[in-house]
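Here is the structure we will look at, set down as structure tokens.
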Number of protein chains: 4
Amino acid sequence: MKGSRKEQIRQAAITVIAQEGFHGATTDKIAAQARVAVGTIYNYFKNKEDILAHIFAVEYEKRLHFFTRLEEEDIHPLDKIKGILTMHFAGVRENPNLVRVILEEKNFFHRYYERGPDCDQCLQGFLEQVINRGVGEGKLRPCDPEMVAVVLFGFIEAIMGRYLCISNGGDDNDFLEAAVNEIIALLAEGLVSA
Amino acid sequence: MKGSRKEQIRQAAITVIAQEGFHGATTDKIAAQARVAVGTIYNYFKNKEDILAHIFAVEYEKRLHFFTRLEEEDIHPLDKIKGILTMHFAGVRENPNLVRVILEEKNFFHRYYERGPDCDQCLQGFLEQVINRGVGEGKLRPCDPEMVAVVLFGFIEAIMGRYLCISNGGDDNDFLEAAVNEIIALLAEGLVSA
Amino acid sequence: MKGSRKEQIRQAAITVIAQEGFHGATTDKIAAQARVAVGTIYNYFKNKEDILAHIFAVEYEKRLHFFTRLEEEDIHPLDKIKGILTMHFAGVRENPNLVRVILEEKNFFHRYYERGPDCDQCLQGFLEQVINRGVGEGKLRPCDPEMVAVVLFGFIEAIMGRYLCISNGGDDNDFLEAAVNEIIALLAEGLVSA
Amino acid sequence: MKGSRKEQIRQAAITVIAQEGFHGATTDKIAAQARVAVGTIYNYFKNKEDILAHIFAVEYEKRLHFFTRLEEEDIHPLDKIKGILTMHFAGVRENPNLVRVILEEKNFFHRYYERGPDCDQCLQGFLEQVINRGVGEGKLRPCDPEMVAVVLFGFIEAIMGRYLCISNGGDDNDFLEAAVNEIIALLAEGLVSA
DNA sequence: GATGAATGAGACTTCATTCAT
DNA sequence: CATGAATGAAGTCTCATTCAT
């Protein structure tokens, strides 16, 4: 599976789409990057959109799996949130291209596959659950969990977007670490001076 | 200007792009929506991308103007932030299509016009300034202003994105008001229970 | 007539077509060069091709008039030929743009107006007549007058084409004078050494 | 190569361009003539102009090759010139369409590809060399070789142009043979009666 | 007559997809 | 399964021409 032909094409597609956008990524370019003939792509994918769908599906599974494991751990909700942040930021460091694709093409993807796997919904839903339980257990102050989930989701996207923007080529790990700390601080204390 | 031919085309383009995405918005569809011949579009715009650039430019000017006025007011930084939130959320209520275009096509736009007017940078820069001053005046606790600006920016985008997602057709004004309150509460107190 | 609106447009068209070719010469460009609105062109010309036809017609009349006068003069055929050469080379010096248009667009013109005024036929016919008479009067050696006319015609075109090619901007009058002499010498003595 | 797809398209383009001119020759017409889909053209040519460029390039190579061989032969300059004439006239008999394209579209071609292969320059350069040597060896009378080369070039073009004009459909081989003889006679004796 | 905004047919080109080898 | 030449629908853009002012 790891080194399979399908995987090879998926990786190539991620690279090309990250560089050129989904519409700029022609099947010719993807095939060239994968060192494969154009026709071969169609042995593994129904059409071009299907490649994108597969990229989203794999990512979705990955996150779902992570959330499922995190859910079972018995730790403070803030630590769960920290875990999510860490997971996402590790992802962007490890494969910025993949994250770029997910961030930039999700709109197109959702327009096309209205009922496809929704990474955002998955993340927001899990955040909401964490917050809900935290409030129920008295560990978080009363709030509107859905709204706070949306807000936390916004954090993550913004930080990843910003990272992709500033770290063109060279890494900037400090940025991501600082981001985690700043967010946790914000959740812990707010922004207003005591 | 308001009812001019160029404005007519801009409005039509916003509608079509919001529905179909920039690539799905063919010049034929835009012309039809504007009740104009295809050729007429090219009397006012260099090419299709130029329409998008114009949409962004108009929006950029609008926001810049708002920020400039808000900057001069002598109010608590949290109120300035509240002002920005209110402004953005009023915008999404008033013309959801426009906001959808800005949110969904900014990646494409920046890939294409690397040095075009950047609404995001503009917003982030202003937020950073507000926070920086707030910290300097002792009204906000010490923090990394750039990072917090990014985070606040994430709020706004996420809320607007969510609103566009759930309010398909019918409004949901309560959502946006609740969002403002929740964010202000978060900034004021954090999330952890006292 | 000289400064009339129609003449103004004809001159502008010559300039633009010489620079950009007939197909590159848009009606907009011609109108701009003539400092006139596009619509005005259509008050004087049926369509774009008609402008070209008019340019050829004027040129045709000019040459026909010259030939008619030259025909009546009682001079040696070689001097008549010299007169034709001089007339053509004066033309190219005086208005290279016009000559460029005649040379470059005649193919298109004849394809379009199969039975329009044919400057080439006019010139060749006259040359043929001059040679025919010259032979009849014993002033020229026996030959195939049609063929020699074609050949002389080729001289003129080639010299003008070459002149237009080498005299970009700056004049090169010596070239044209040298050409006349060389051609007359060729007709007088041939090329082979005695 | 001979029956290759690219060659097939080149031949079709020659046919269509000869009939309709380069601008009248739409890609659709060329594709239809080549019995190929439009898209196929673009698998072998960058764009429409590139087809013309290829036609000129092939022709250029053909002529260059011929000149190179002729150059080495040790014969009287007049015979070399006769060889060139014969070669060109054979070409026009064999493929009038090709010659029509070369003659009619060279202006457009040179406007577009300012530094493309120049059949005319090639021919004129070679003629100049032949004449120069002939004069040096005392076989031709003293003259301005460049000018005479231009003039000879004019012969060739004019004769070919005339042939294409009169031989619409039916051949007229006598014309071309007569032309060669007439030109050689002209070069040998001039035009004036002794 | 002059104007120039509007028109829309038609040209070029791209590229996802197919299918014979 | 792999290949990649062929396909042609569809999109962008141009520009000669018209016509209301």
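Quick caveat, the model's predicted, so the values are computed rather than measured. The chains referred to below are lettered A, B, ... by the order of the sequence lines, with proteins before strands, and numbering in each begins at 1.
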Inset, instruction - Report the distance from atom CD of B/Glu7 to atom P of E/dA5, rounded to the nearest whole Å. - result: 18 Å

Using atom names, set out every protein N or O paired with an N or O of nucleotides 13-15 of chain E below 3.5 Å, distance rounded to 0.1 Å.
from   : atom 1 : to      : atom 2 : distance (Å)
E/dT13 : OP2    : D/Tyr42 : OH     : 2.6
E/dT13 : OP2    : D/Lys48 : N      : 3.0

Inset, instruction - Give every residue pair that meets the ring pair (Phe, Tyr, Trp, His ring centres under 6.0 Å) criterion with at least one member in residues 18-42 of chain C, sequence neighbours excluded. - result: C/Phe22-C/Phe108, C/His23-C/Phe108, C/His23-D/His23

Inset, instruction - Compare every heavy atom of B/Ala34 with every heavy atom of B/Ile9, then report the nearest pair and how far apart it is. - result: CA-CB, 4.2 Å

Legend entry - Side-chain heavy-atom pair D/Glu157, C/Glu157 within 4.5 angstrom cut-off: no

Inset, instruction - Looking at every strand, decide which applies to B/Tyr44 at a 4.0 Å heavy-atom threshold: base, sugar-phosphate, or nothing. - result: sugar-phosphate

Inset, instruction - Represent DNA chain E in dot-bracket notation, 5' to 3'. Only Watson-Crick or G-U wobble pairs with both distances under 3.5 Å count; pseudoknot-style crossings use [ ] and interstrand partners use |. - result: .||||||||||||||||||||

Inset, instruction - State which residue, out of D/Glu104, D/Glu20, D/Gln19, fulfils the side-chain hydrogen bond (donor to acceptor under 3.5 Å, both in side chains) condition with C/Arg111. - result: D/Glu104

Legend entry - Atom-pair distance (CD on C/Glu20; C1' on F/dC15), nearest Å: 14 Å

Legend entry - For the student: nearest non-hydrogen atoms of D/Ala25 and D/Val16, plus distance: CB-CG1, 3.6 Å

Legend entry - side-chain contact (heavy atoms from CB on, under 4.5 Å) between C/Asn107 and D/Asn107, intermediate numbers included: CA-CA 11 Å; C/Asn107 292 315; D/Asn107 290 315; 5.5 Å; no

Legend entry - Over-ring placement of B/Lys106 relative to B/Phe56, 6.0 Å and 45° cut-offs: no

Inset, instruction - Write down the distance between CD1 (B/Ile30) and P (F/dC13), rounded to a whole number of angstrom. - result: 10 Å

Inset, instruction - Evaluate the side-chain proximity of D/Val101 to D/Leu52: yes if any heavy-atom separation is below 4.5 Å, no if none is. - result: yes

Inset, instruction - Can you tell me the distance, in whole Å, between the CD atom of D/Gln8 and the C1' atom of F/dA5? - result: 12 Å

Legend entry - Nearest-Å distance for atom pair CZ/P, residues B/Arg5 and E/dG4: 17 Å

Inset, instruction - Take atom CZ of D/Arg35 and atom C1' of F/dT7, then tell me their distance rounded to the nearest Å. - result: 17 Å

Legend entry - CD1-CZ distance between D/Ile30 and D/Arg10, expressed to the nearest 0.5 angstrom: 13.0 Å

Legend entry - Euclidean distance, atom NZ of residue C/Lys29 to atom P of E/dG4 [Å, nearest integer]: 19 Å

Inset, instruction - Take atom NZ of D/Lys6 and atom P of F/dA6, then tell me their distance rounded to the nearest Å. - result: 13 Å

